[in-house]
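None of the values given here were measured: they were computed from a predicted structure.
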Amino acid sequence: MTALSELAQAFATQERPAGNLLDDAAVLVQAVAATRFYAGYALLRAHEGIDPAPAIDSDTEITVSEWALVRPLFMLYVERETALQLEASRGMGIDPYGRSASEIASEIAQFEAELPRRAFFQAILTV
């Protein structure tokens with residue numbers, strides 16, 4: 001299992017170091033937000049056998065399979081936050097590029113609507 005802080009750091013420094021306009025703290029916030037949304041529909045392996053009430057934060061560890069479901073939502077959250085910052089900089093004469101925040105928000109809504117089905121898990125019971 002890997003901590004969210006490590007996954008966010010790897011994203012910012014190894015996966016998208018050139019095209020990412022967000023600082024490390026902003027990327028981490030998006031990773032935590034995406035994981036919290038996922039945890040609303042599936043129990044995180046790190047929370048098995050304990051009260052899941054403790055908040056999900058930068059130290060929360062998730063498995064590779066959990067990250068496979070969280071990562072697309074995390075990527076959309078990062079893209080939306082970047083688009084919001086670019087759109088806000090329009091007043092300073094910077095021409096935004098990429099998709100608009102509203103386009104990304106629409107895709108986020110679709111992904112969030114489908115996530116409960118993707119996160120669903122029922123152990124097989126053989127009688």
Side-chain angles (χ1 to χ4, degrees):
M1 292 198 299
T2 309
L4 289 176
S5 58
E6 294 173 34
L7 293 167
Q9 180 68 26
F11 171 80
T13 60
Q14 297 169 6
E15 291 181 42
R16 301 279 166 82
N20 182 26
L21 302 178
L22 304 178
D23 63 3
D24 292 344
V27 171
L28 179 57
V29 166
Q30 303 311 314
V32 170
T35 304
R36 284 180 178 157
F37 189 85
Y38 170 79
Y41 298 103
L43 179 65
L44 295 175
R45 174 94 30 106
H47 290 169
E48 281 183 350
I50 63 169
D51 180 12
I56 294 170
D57 60 13
S58 62
D59 297 327
T60 300
E61 294 188 346
I62 62 174
T63 65
V64 172
S65 60
E66 290 168 341
W67 184 242
L69 292 172
V70 171
R71 187 176 185 278
L73 184 58
F74 161 70
M75 297 289 290
L76 287 169
Y77 284 176
V78 168
E79 186 180 4
R80 179 185 58 194
E81 187 63 27
T82 301
L84 288 170
Q85 289 190 9
L86 284 170
E87 290 172 4
S89 67
R90 185 177 287 150
M92 295 184 295
I94 298 173
D95 190 27
Y97 58 88
R99 297 192 298 170
S100 70
S102 62
E103 289 173 314
I104 300 162
S106 173
E107 190 170 338
I108 288 172
Q110 290 173 349
F111 190 89
E112 287 177 344
E114 179 143 334
L115 190 60
R117 184 186 63 78
R118 290 181 181 198
F120 177 79
F121 172 78
Q122 178 63 43
I124 298 172
L125 178 66
T126 305
V127 181

Asker: Is any side-chain N of the basic residue among Glu79 and Arg99 closer than 4.0 Å to the acidic one's carboxylate O?
Answerer: yes
Asker: With sequence neighbours left out, which residue pairs that include part of residues 4-14 fulfil the salt bridge (charged side-chain N to carboxylate O under 4.0 Å, His left out) condition?
Answerer: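 Salt bridge (charged side-chain N to carboxylate O under 4.0 Å, His left out) check on residues 4-14 returns no pairs.
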Asker: Any idea which heavy atoms bring Ser5 and Leu28 closest together, and the distance?
Answerer: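 Looks like CA-CD1, 3.7 Å.
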Asker: Could you tell me whether the side chain of Val78 reaches within less than 4.5 Å of the side chain of Phe11, counting heavy atoms only?
Answerer: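 Side-chain contact under 4.5 Å: yes.
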Asker: What are the two closest heavy atoms between Arg36 and Ile56, and how far apart are they?
Answerer: NH2-O, 2.7 Å
Asker: Minimum heavy-atom separation for Val27 and Ala8, please, with both atom names.
Answerer: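 Smallest interatomic distance, heavy atoms only, reads CG1-O, 3.7 Å.
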Asker: Under 4.5 Å between side-chain heavy atoms, hopping through other hydrophobics if needed: is there a path connecting Leu73 to Tyr41?
Answerer: yes
Asker: Do you know which two heavy atoms are closest between Leu115 and Leu69, and how far apart they sit?
Answerer: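 Closest approach of Leu115 to Leu69, heavy atoms only: CD1-O, 4.2 Å.
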Asker: State the OG-CE distance between Ser65 and Met1, to the nearest 0.5 angstrom.
Answerer: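 If we round to the nearest 0.5 Å, Ser65:OG and Met1:CE are 10.5 Å apart.
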Asker: If Ile, Leu, Val, Met, Phe, Trp and Tyr residues are connected whenever their side-chain heavy atoms lie under 4.5 Å apart, and connections chain through other members, are Leu22 and Met75 in the same group?
Answerer: yes
Asker: Quick check: closest heavy atoms across Ala101 and Glu87, and the distance to 0.1 Å?
Answerer: N-OE2, 2.8 Å
Asker: Clusters formed by hydrophobic residues whose side-chain heavy atoms approach within less than 4.5 Å: which one holds Tyr97, and what are its other members?
Answerer: Leu21, Leu86
Asker: How long is the straight-line distance from CD of Glu15 back to CD of Gln9, given to the nearest 0.5 Å?
Answerer: 11.5 Å
Asker: Are Ile108 and Phe111 co-members of a hydrophobic cluster defined by side-chain heavy atoms under 4.5 Å apart?
Answerer: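 Phe111 and Ile108: one cluster.
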Asker: Indicate the atoms forming the closest heavy-atom contact of Ala12 with Asp24, along with that distance.
Answerer: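 Closest approach of Ala12 to Asp24, heavy atoms only: CB-OD1, 3.5 Å.
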Asker: Out of curiosity, Glu112 CD to Leu76 CG, how far, rounded to the nearest 0.5 Å?
Answerer: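 Glu112 CD to Leu76 CG: 9.0 Å, rounded to 0.5 Å.
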Asker: Any side-chain heavy-atom pair from Thr60 and Asp57 closer than 4.5 angstrom?
Answerer: yes
Asker: Let me confirm one number: the CG-CG distance from Leu7 to Leu4, rounded to the nearest 0.5 Å.
Answerer: 6.0 Å
Asker: Is the side chain of Glu66 donor-acceptor paired with the backbone N or O of Arg45 at a distance under 3.5 Å, no angle test?
Answerer: yes
Asker: Using the ring of each side chain (for Trp, its six-membered ring), is Phe74 parallel, tilted or perpendicular to Trp67, with breaks at 30° and 60°?
Answerer: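 Because their plane-to-plane angle lies in the 30° to 60° range, the rings of Phe74 and Trp67 count as tilted.
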Asker: Would you say the ring centroid of Tyr77 lies under 6.0 angstrom from that of Phe37?
Answerer: no
